[in-house]
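Each chain gets a letter, A, B and so on, in the order its sequence line appears, and its residues count up from 1.
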Amino acid sequence: MADQGEIEKYMYSALDLARAALAKGEVPVGCVMVYQGQAVAQGHNRVNESKNATVHAEMVAVGQLLEWCMKVGLDKNEVLPIVQLYVTCEPCIMCAGALRLLSIPLIVFGCPHMGGVAAAQEIHVERFNSKGQPFKCIAGIFAEPCAALLKQFYGQQNPNAPNPKKKA
Amino acid sequence: APSTSSPGVTIPHPVPVLSQDILAPVPLINVYVAPVLDKKQTSRLIKEVSSKFPLPDLLHLKRVKSQKSGNKETTIQILLCKAPSEDGRSADSGDPTENGFHFDGLGKPFLTKVAVRPAITRRQYEHCAQYWPTAFHEDKALERRLKGDFFTSEELQSIQKYMQRALQAAQHAKHTGMEPVGAVVVDPVVDEVIGVGHDLRHAGNPLHHAVMVAVDTVASSQGGGYWDHSGPGLYWKEEQSESSNDETKDVADDSSSKRTEPETAEKDIHLKDFDKRTCDISGKTEEQPNDGPYLCTGYDLYVTREPCIMCAMALVHSRIRRVFYGAPHPSGALGTRYSLHTQPNINHRYEVFKHVMLEECSTLET
Ligand SMILES: [Zn+2]
Ligand SMILES: [Zn+2]
């Protein structure tokens with residue numbers, strides 16, 4: 001398992017990705033995937049760009065990881081169970097379900113999920129999925145800057161939302 | 001109740017997947033009530049009792065119950081307070097008179113049962129009202145759902161037509177070594193297929209379930225889309241309208257024939273526009289026109305197999321209106337293993353119906 005310095009290093013990269021998302025008008029969540037001490041995939045939320053509400057940072061990073069596996073000739077089924085995922089915000093139910101389907105063993109995240117939707121902490125409970133392995137969570141790494149980005153975003157307007165919320 | 005769509009053809013009704021909050025009786029709790037000894041004092045007693053024992057979480061209950069017992073006079077009871085729960089933790093019996101409360105004109109308090117929350121359905125209301133008078137606002141649409149004959153025969157035919165399209169996609173998935181699952185997104189207002197997807201989880205990305213693929217084809221129809229899902233059996237509206245007009249909208253299998261057939265399944269699934277994904281921190285924000293509908297708002301999904309938790313939540317994110325599925329699945333999240341759509345804290349709700357073309361959808365899986 002990664003030590004505190006490693007954890008902070010990767011979460012710092014994830015935060016950079018989240019900032020890049022914010023600059024593009026996307027929900028500022030960033031994600032880095034680490035295999036054997038090497039960041040091999042990354043991503044940030046691309047929902048507005050793709051007009052697909054499922055293109056969360058985790059989904060983008062997983063797509064990159066799978067491409068990386070093909071490129072370097074590694075079997076994804078051997079990589080996925082030992083990969084670590086760093087994400088600035090607690091994964092939503094969809095992403096947590098996805099990460100379970102992929103048998104990703106460790107999720108490190110920054111701030112808790114916003115918006116009152118039950119999330120990762122609850123998802124690794126057995127009842128949700130019959131497939132995949134429950135994952136471990138390390139929560140609260142750089143929680144404050146991770147949450148601050150989201151607050152900044154939701155204080156602005158979501159350009160594609162049908163009824164954009166006014167500044168709170 | 002089956003309904004007849006055309007002479008000799010019977011389409012079974014889809015089964016609404018509702019929460020236990022709707023289907024099960026409202027749970028009961030113990031409360032203390034006391035008889036009013038002098039009926040003329042009732043309104044004064046209601047005032048006094050209500051200010052002494054406010055019941056903010058039992059606002060659905062009337063404070064007073066009047067009852068005619070046999071040929072005797074009407075008796076009136078007043079609801080006082082909740083009794084402690086029966087977990088035996090508290091030594092306090094909860095009896096208000098034992099705690100030193102006294103109201104002139106009230107008889108000895110006793111325990112009775114009342115509904116812990118408002119009734120949602122008429123059936124629940126009738127059950128609750130046997131215990132204590134309670135307010136009820138009937139949800140007419142829900143009552144029709146519960147009766148089971150809420151779709152017209154035209155609607156039933158249309159539901160079957162779209163599930164048939166999802167079955168075609170599922171067949172295609174099955175023949176190409178994928179899980180036999182197909183999904184179709186429909187705009188019910190114009191009665192048109194917006195996107196079709198089928199399972200691609202063995203083609204490279206294990207997350208490309210039929211629903212995820214279908215949602216991305218809808219995005220493509222709106223000028224977006226993230227994954228490069230190409231191949232026969234997958235299409236979206238834009239492409240369909242570009243293809244020859246001779247094709248009817250239900251026969252879309254060939255609509256993607258313009259695309260080069262992928263040689264291997266692995267090629268099927270590479271990411272669209274690889275360069276786009278490298279994050280730049282240049283800060284430029286592209287203005288995006290927003291002409292079309294927002295995601296899947298107002299659209300219905302037809303899928304041959306009950307969605308998993310990932311797909312079920314993807315549909316919440318996508319703002320789908322209704323979900324029709326065929327065969328339940330052991331890890332399904334819309335009624336079998338879990339009921340995501342009935343959770344109180346999700347930020348978008350959709351209706352769910354199951355058992356659409358159940359036999360055909362179940363046969364696919366074998
Ligand atoms: Zn997510
Ligand atoms: Zn799924």
Side-chain angles (χ1 to χ4, degrees), chain A residues 16-17 19-26 30 42-44 46-56 58-67 69-70 76-77 80 92-103 115-119 123 126-132 159-163, chain B residues 201 204-207 209 211-212 215-216 218-227 266 269-272 274 276-288 290 292-297 308-319 329-331 333 337-338 340 343-347:
Chain A
D16 270 346
L17 291 157
R19 285 191 197 98
L22 184 68
K24 292 174 180 167
E26 300 282 2
Q42 61 176 42
H44 66 61
R46 289 177 178 272
V47 166
N48 283 335
E49 173 195 299
S50 64
K51 298 175 193 270
N52 176 340
T54 71
V55 187
H56 289 187
E58 297 92 323
M59 295 296 196
V60 174
V62 165
Q64 266 204 12
L65 180 82
L66 295 169
E67 283 217 338
C69 287
M70 267 172 70
K76 63 176 181 292
N77 297 318
L80 287 166
C92 71
I93 292 178
M94 174 188 75
C95 291
L99 300 176
R100 270 199 67 159
L101 285 171
L102 298 171
S103 302
V117 182
I123 287 287
E126 190 58 35
R127 67 192 168 128
F128 277 101
N129 264 325
S130 56
K131 275 190 181 170
N160 277 6
N163 293 307
Chain B
R201 73 185 70 178
N205 190 327
L207 304 180
H209 295 188
V211 168
M212 304 301 277
V215 161
D216 201 52
V218 172
S220 297
S221 82
Q222 297 166 354
Y226 186 70
W227 309 99
E266 296 296 318
I269 203 75
H270 62 272
L271 289 169
K272 179 181 285 182
F274 187 81
K276 218 163 59 175
R277 289 175 300 120
T278 51
C279 298
D280 68 284
I281 316 178
S282 61
K284 63 168 188 260
T285 312
E286 272 178 274
E287 278 299 316
Q288 290 185 339
N290 186 21
Y294 179 68
L295 308 170
C296 297
T297 302
C308 73
I309 187 79
M310 171 184 71
C311 292
M313 192 63 200
L315 294 167
V316 173
H317 289 320
S318 302
R319 305 287 186 264
H329 191 267
S331 41
R337 181 169 283 257
Y338 191 65
L340 181 77
Q343 296 308 299
N345 54 355
I346 53 170
N347 54 351

A.B. asks: Do you know the tightest heavy-atom contact between B:Cys308 and A:Leu101?
C.D. replies: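 Scanning both residues, the minimum pair turns out to be SG-CD1, 4.4 Å.
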A.B. asks: Rounded to the nearest 0.5 Å, how far apart are CG of B:Leu340 and CE of A:Met94?
C.D. replies: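 One gets 12.0 Å once the value is rounded to the nearest 0.5 Å.
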A.B. asks: Any non-hydrogen side-chain atom of B:Tyr226 less than 4.5 Å from a side-chain atom of A:Val60?
C.D. replies: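 The answer is yes, as the side chains (C-beta and beyond) meet within the 4.5 Å cut-off.
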A.B. asks: Can you name the closest pair of heavy atoms from A:Met59 and B:Trp227 and give their distance?
C.D. replies: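 Reported closest heavy-atom pair: O-CH2, 3.5 Å.
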A.B. asks: Going from CD1 on B:Ile346 to SG on A:Cys92, what distance comes out if it is rounded to the nearest 0.5 angstrom?
C.D. replies: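 The SG atom of A:Cys92 is 12.5 Å from CD1 of B:Ile346, to the nearest 0.5 Å.
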A.B. asks: To the closest 0.5 Å, what do you measure between CG (B:Leu207) and OG1 (A:Thr54)?
C.D. replies: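 It comes to 9.5 Å.
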A.B. asks: Chain A: which of B:Pro206, B:Cys311, B:Ser318 shares the most heavy-atom pairs with it under 4.5 Å?
C.D. replies: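 Sorted descending by pairs with chain A, the first entry is B:Pro206.
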A.B. asks: Could you report the tightest heavy-atom contact between A:Ser50 and B:Ala219, atom names first, then the distance?
C.D. replies: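 Looking at all heavy atoms of both residues, the closest pair is O-CB, 3.3 Å.
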A.B. asks: Measure across A:Ala53 and B:His317 and return the closest heavy-atom pair with its distance rounded to 0.1 Å.
C.D. replies: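 Closest approach of A:Ala53 to B:His317, heavy atoms only: CB-O, 3.3 Å.
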A.B. asks: Mind listing the closest non-hydrogen atom pair of B:Gly204 and A:Leu66 along with its distance?
C.D. replies: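 Looking at all heavy atoms of both residues, the shortest contact is O-CD1, 3.8 Å.
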A.B. asks: Nearest 0.5 Å, what's the CG-CE distance between A:Asn52 and B:Met212?
C.D. replies: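 So the CG of A:Asn52 and the CE of B:Met212 are separated by 7.0 Å.
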A.B. asks: Could you report the tightest heavy-atom contact between A:Lys51 and B:Leu295, atom names first, then the distance?
C.D. replies: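 It is O-CD2, 3.5 Å.
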